[in-house]
There are 2 protein chains.
Amino acid sequence: MNAAAAKSRPRYEARARIAKALAHPSRLLMLDALQKREHCVCELTDLVGADQSTVSKHLAILKQAGIVADRKEGPQTFYRIKVCCLADFWRCIETVLKENLRTQQAAFGG
Amino acid sequence: MNAAAAKSRPRYEARARIAKALAHPSRLLMLDALQKREHCVCELTDLVGADQSTVSKHLAILKQAGIVADRKEGPQTFYRIKVCCLADFWRCIETVLKENLRTQQAAFGG
DNA sequence: GAATCCTATGGCATAATTACCATATCGCCA
DNA sequence: TGGCGATATGGTAATTATGCCATAGGATTC
């Protein structure tokens, strides 16, 4: 690794930590739901269809990454999107998927 | 999992596959380099500072995700960015990092 | 304060990711 | 064709991620 790369390494590790938090279907599903409004864990558990503890851990990952924030209200915890930039992320992902589809079609259909 | 979520599950899995490809510091470093111009594997190997086979596998992951494309020229393989939307991705990640920094500073410094 | 609901955490098993080494493959040149 | 440089792939070990169960903790209600 050259010197410049070594120096910028922590920077890319920080970036990767954020990306990793976004790299799971259940977490993406929850983020989509949270984009509309805040939800309690029980609602997200129902949505995802996994064990409540599993969902809680997914939410902890998103929270640790700084993507969501939580708020306690009585016995419940409500999660909400904390950042304003997820639309950029979605757009990028969707563009790649669309492009992949186009490429595939070109390869098959001609 | 409710019915709507079950139906959209493959959609989120596809999205997560793309996000996962972006979720590694070495791959992010290489993408940054590739954003300027195409590079051969040997250049990227030097940049990343890992084994050549490791870099080759990282590139295969990016290619499989449809994020980069390759071109053989003689004994070398040149990789280049295939999609135009990575700027959106970077912007999102950077915004999260910046917001996290802000939050931390608020927690400490006040 | 006991029961209950909601959420978080510890423990553990399994699957996925990652990295390196060794080696196969491909293109080129003598 | 033999050797060489550049890549890709198979094999394997170590680390990390994921999911469920059991259970702890906190709040509410009776």
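Just so we're on the same page: letters track the sequence lines, and every chain starts at 1.
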Length of the line joining [X]:[atom1] and [N]:[atom2], which is rounded to integer Å:
X       : N      : atom1 : atom2 : answer
A:His24 : D:dT18 : NE2   : P     : 5 Å
A:Lys57 : D:dA17 : NZ    : C1'   : 11 Å
B:Gln76 : C:dG27 : CD    : P     : 14 Å
B:Gln64 : C:dT17 : CD    : P     : 11 Å
B:Asp70 : C:dT25 : CG    : P     : 19 Å
A:Lys20 : C:dT18 : NZ    : P     : 7 Å
B:Leu62 : D:dA8  : CG    : P     : 12 Å
A:Asp46 : C:dC6  : CG    : P     : 12 Å

Output yes when A:Glu99 and A:Arg102 qualify as a salt bridge under the 4.0 Å nitrogen-oxygen rule, no when they do not.
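A salt bridge links A:Glu99 with A:Arg102.
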
Cationic N near anionic O, under 4.0 Å, A:Arg11 to B:Asp32
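A salt bridge is absent here (no side-chain N lies under 4.0 Å from a carboxylate O).
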
Heavy-atom contacts under 4.0 Å between residues 32-43 of chain A and DNA chain C, which residues?
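Those residues are A:Cys40, A:Val41, A:Cys42.
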
Under 4.0 Å between a side-chain N/O of [X] and OP1 or OP2 of [N], yes or no?
X       : N      : answer
A:Ser56 : C:dA8  : yes
B:His58 : C:dA19 : yes
B:Thr54 : C:dC20 : yes
A:Thr77 : C:dA8  : yes
B:Tyr79 : D:dA6  : no

Heavy-atom closest contact (B:Ala21 atom, B:Arg27 atom, distance):
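Heavy atoms of B:Ala21 and B:Arg27 come nearest at O-NE, 2.7 Å.
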
Distance in Å, B:Phe89 CZ paired with A:Arg15 CZ, rounded so as to fall on 0.5 Å steps:
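Those atoms lie 8.5 Å apart.
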
Under 4.0 Å, counting only non-hydrogen atoms across every strand here, what does B:Ser53 touch: a base, just sugar-phosphate, or nothing?
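Base contact.
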
Non-hydrogen side-chain atoms of B:Leu101 and B:Leu97 separated by less than 4.5 Å
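No, every pair of side-chain atoms sits at 4.5 Å or beyond.
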
Student check: side-chain heavy atoms of B:Asp70 and B:Val41 closer than 4.5 Å:
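No; the side chains remain at least 4.5 Å from each other.
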
Tell me whether B:Arg9 forms a cation-pi arrangement with B:Tyr12, defined as NZ or CZ under 6.0 Å from the six-membered ring centre and within 45 degrees of its axis.
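No.
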
Is there a donor and acceptor pair, one atom on the side chain of A:Gln52 and one on the base of C:dA8, closer than 3.5 Å?
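Under the 3.5 Å cut-off, the side chain and the base do form a donor-acceptor pair.
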
Using only modelled atom types and a 3.5 angstrom limit, is any donor from either the side chain of A:Lys72 or the base of D:dG25 paired with an acceptor on the other?
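Check fails, no donor-acceptor contact within cut-off.
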
